[in-house]
Amino acid sequence: MSGVPPTVLIVEDERYILKVLETILTSDGYRVIMAQSAAGARSSIFSHMPDLILLDLGLPDADGVQLLQETRKWTKIPVIVVSARNMERDKVASLDNGADDYITKPFSAPELLARIRAVLRRREPTPGNEDRYCVGDFQIDFAKRLVTVDGEIIRLTQVEYRIVEFIARHPGKVLTYGHIIRHIWGPYADTENNRILRVNMSNIRRKIERDSMAPQYILTEIGVGYRMAEQA
Ligand code: CA
């Protein structure tokens with residue numbers, strides 16, 4: 001890491017986990033500040049303006065999602081939520097309230113560091129690359145609304161194209177089913193029912209993926225949503 005190291009605020013009430021996270025981050029060169037409550041987090045965000053927040057959802061004095069909502073009213077500081085296993089509802093609520101990503105406990109140090117790097121990288125626009133999405137043989141030319149795999153034009157329906165385009169505009173980021181449904185079918189669409197989205201997605205995958213059972217481009221986050229592979 002060169003230049004000024006990014007500052008990460010860790011919000012976690014369990015001392016042991018806090019210590020582990022601090023060690024992982026500092027040994028990778030990050031500056032770390034810590035808070036053990038929502039109140040502490042609020043004042044740390046104001047006084048330090050960290051580059052990223054690692055947020056545990058179960059805090060003693062407030063719900064992490066609530067803290068996230070408050071924070072999103074005035075700042076876009078990237079937030080990665082640290083969530084327990086099988087808490088899909090919390091993950092969805094976090095993403096729908098502006099979290100940039102989540103990581104599920106228990107996680108490994110390399111996994112955590114990779115997520116942090118990806119979120120920090122996404123903050124910086126890739127110059128000259130806004131018109132195109134490209135991973136491996138898969139390419140989207142947004143201006144021409146053209147999807148190709150290995151140079152072959154893929155024929156997508158209007159709805160399929162809009163889904164692919166929307167997800168590809170946010171490479172690496174998990175978009176919840178509800179978020180995608182509202183974007184494609186409008187604010188009054190039934191976000192509880194994702195059957196139509198899933199049917200479209202399986203058609204899309206049949207057209208673009210080599211093996212639609214093991215997709216490489218549009219990945220499923222079970223119970224949460226879809227994530228487009230990051231551009232190389
Ligand atoms: Ca906790």
Side-chain angles (χ1 to χ4, degrees), residues 1 5-123 170 172-179 191-192 219-227:
M1 217 175 277
T7 301
V8 178
L9 168 64
I10 308 172
V11 187
E12 169 64 72
D13 59 324
E14 280 169 65
R15 264 169 206 286
Y16 170 73
I17 301 176
L18 194 60
K19 197 74 210 151
V20 170
L21 291 171
E22 183 194 15
T23 308
I24 294 173
L25 294 183
T26 48
S27 48
D28 204 54
Y30 291 95
R31 276 194 52 211
V32 168
I33 45 179
M34 292 173 277
Q36 290 183 275
S37 64
R42 278 183 204 110
S43 73
S44 293
I45 298 168
F46 274 117
S47 49
H48 296 276
M49 288 304 289
D51 296 289
L52 185 137
I53 302 170
L54 216 50
L55 176 65
D56 173 42
L57 290 181
L59 295 171
D61 54 340
D63 174 15
V65 175
Q66 199 185 319
L67 179 65
L68 180 63
Q69 275 172 341
E70 271 171 40
T71 309
R72 274 294 168 264
K73 284 186 185 147
W74 63 276
T75 173
K76 288 189 170 151
I77 295 175
V79 175
I80 299 180
V81 161
V82 180
S83 158
R85 206 167 274 290
N86 301 323
M87 299 296 273
E88 271 65 36
R89 229 169 232 285
D90 284 352
K91 293 173 186 171
V92 170
S94 305
L95 293 167
D96 281 345
N97 282 287
D100 295 80
D101 204 351
Y102 61 80
I103 187 155
T104 308
K105 289 178 193 171
F107 47 79
S108 68
E111 190 185 352
L112 174 68
L113 293 170
R115 288 296 173 82
I116 291 176
R117 276 194 301 274
V119 166
L120 289 175
R121 201 164 48 231
R122 279 208 299 277
R123 223 176 26 158
H170 305 84
K173 184 167 165 45
V174 185
L175 300 180
T176 63
Y177 298 123
H179 188 158
T191 53
E192 293 301 305
L219 316 172
T220 297
E221 296 281 326
I222 293 166
V224 180
Y226 298 110
R227 185 199 295 266

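Keep in mind that the numbers below use all heavy atoms, side chains included, and drop hydrogens, waters and symmetry copies. In listed order, ligands and their atoms are each counted from 1.
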Give every protein N, O or S atom lying under 3.0 Å from the Ca ion (ligand 1), naming each by residue and atom. Asp13 OD1, Asp56 OD2, Gly58 O

Presence of salt bridge, Asp101 and Arg227, under 4.0 angstrom: yes

Is Thr75 reaching over with its side chain to a backbone N or O of Thr71, donor-acceptor style, under 3.5 angstrom? no

Any residue meeting ring-ring contact (aromatic ring centres under 6.0 Å, His included) with Tyr102, in chain and number order, not counting sequence neighbours: none

Checking Ser83 now: which residues fulfil side-chain contact (heavy atoms from CB on, under 4.5 Å) with it, not counting sequence neighbours? Val81, Met87, Lys91

Would you be so kind as to tabulate the donor-acceptor pairs closer than 3.5 Å made by side chains of residues 62-69, with sequence neighbours excluded?
from  : atom 1 : to    : atom 2 : distance (Å)
Asp63 : OD1    : Val65 : N      : 3.3
Gln69 : NE2    : Asn97 : OD1    : 3.0

What is the ring orientation for Tyr177 with Tyr226, classed by angle as parallel under 30°, tilted 30 to 60°, or perpendicular over 60°? perpendicular

